[in-house]
Amino acid sequence: MIIALYAGAAIIMAGGSLYFAWRDVGFRKFLAGAFFVSSGILFYLYLADVSVPLLGTDFVASPQVSGGRAIVHLILFLVCFYFGFLKPPKA
């Protein structure tokens, strides 16, 4: 049940983030910073070989999962950075 709630919340939050990122340059700038920090923390957890438990479940994310998520967040950071800071906005 908890996993279904986590999945549902993730889908709703991702949809809302995509909607606001599509419409607002400032939100893309915020997401760039958030993905940068998240990528760094996940990469640190990977290097430190730390397993992270998921709150309310018996699931434990391995350091390899953190490493994969760090790569995804780095890519998302680069996309948000480009569209938030480097690409000129349309008139």
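- Of the possible donor and acceptor atoms, one in the side chain of Ser39 sits under 3.5 Å from a partner among the backbone N and O of Ala70.
- Residue Phe85 is grouped with residue Leu74 when hydrophobic side chains (ILVMFWY) are merged at heavy-atom distances under 4.5 angstrom, including chains of intermediate members.
- From Tyr46, atom OH reaches atom OG of Ser66 across 10.5 Å, with rounding to the nearest 0.5 Å.
- Shortest non-hydrogen contact noted between Tyr6 and Leu55 is OH-O, 2.5 Å.
- Note: Ile41 CD1 to His73 NE2 = 11.0 Å, rounded to the nearest 0.5 Å.
- Note: Phe77 and Phe36 have tilted aromatic rings, judged against thresholds of 30 and 60 degrees for the angle between ring planes.
- Distance check, rounded to the nearest 0.5 Å: CG of Leu42 to CG of Leu47 gives 11.0 Å.
- Minimum heavy-atom separation, Lys29 to Gly84: CE-O, 3.0 Å.
- Summarising the geometry, atom CZ belonging to Phe27 is positioned 11.5 Å from atom OH belonging to Tyr19; distances are rounded to the nearest 0.5 Å.
- Within a 6.0 Å sphere centred on OH of Tyr44, heavy atoms belonging to other residues, nucleotides or ligands number 12 at most.
- For the atom pair CZ (Phe43) and CD1 (Ile71), the distance works out to 8.5 Å, reported to the nearest 0.5 Å.
- Hydrophobic clustering (side-chain heavy atoms under 4.5 Å, transitive across Ile, Leu, Val, Met, Phe, Trp, Tyr) groups Phe83 together with Phe81.
- The cluster map of Ile, Leu, Val, Met, Phe, Trp and Tyr, joined by side-chain heavy atoms under 4.5 Å apart, puts Leu86 and Leu76 in the same cluster.
- Of all heavy-atom pairs between Pro63 and Leu45, the closest is CB-O, 4.4 Å.
- Under the 4.5 Å side-chain criterion, counting only non-hydrogen atoms from C-beta, Arg28 is in contact with Val25.
- Val72 and Val65 are not part of a single hydrophobic cluster, where members link through side-chain heavy atoms under 4.5 Å apart.
- Between Ile3 and Thr57 the shortest side-chain heavy-atom distance falls below 4.5 Å.
- Residues Ser17 and Leu31 share a closest heavy-atom pair of O-CD1, 4.4 Å.
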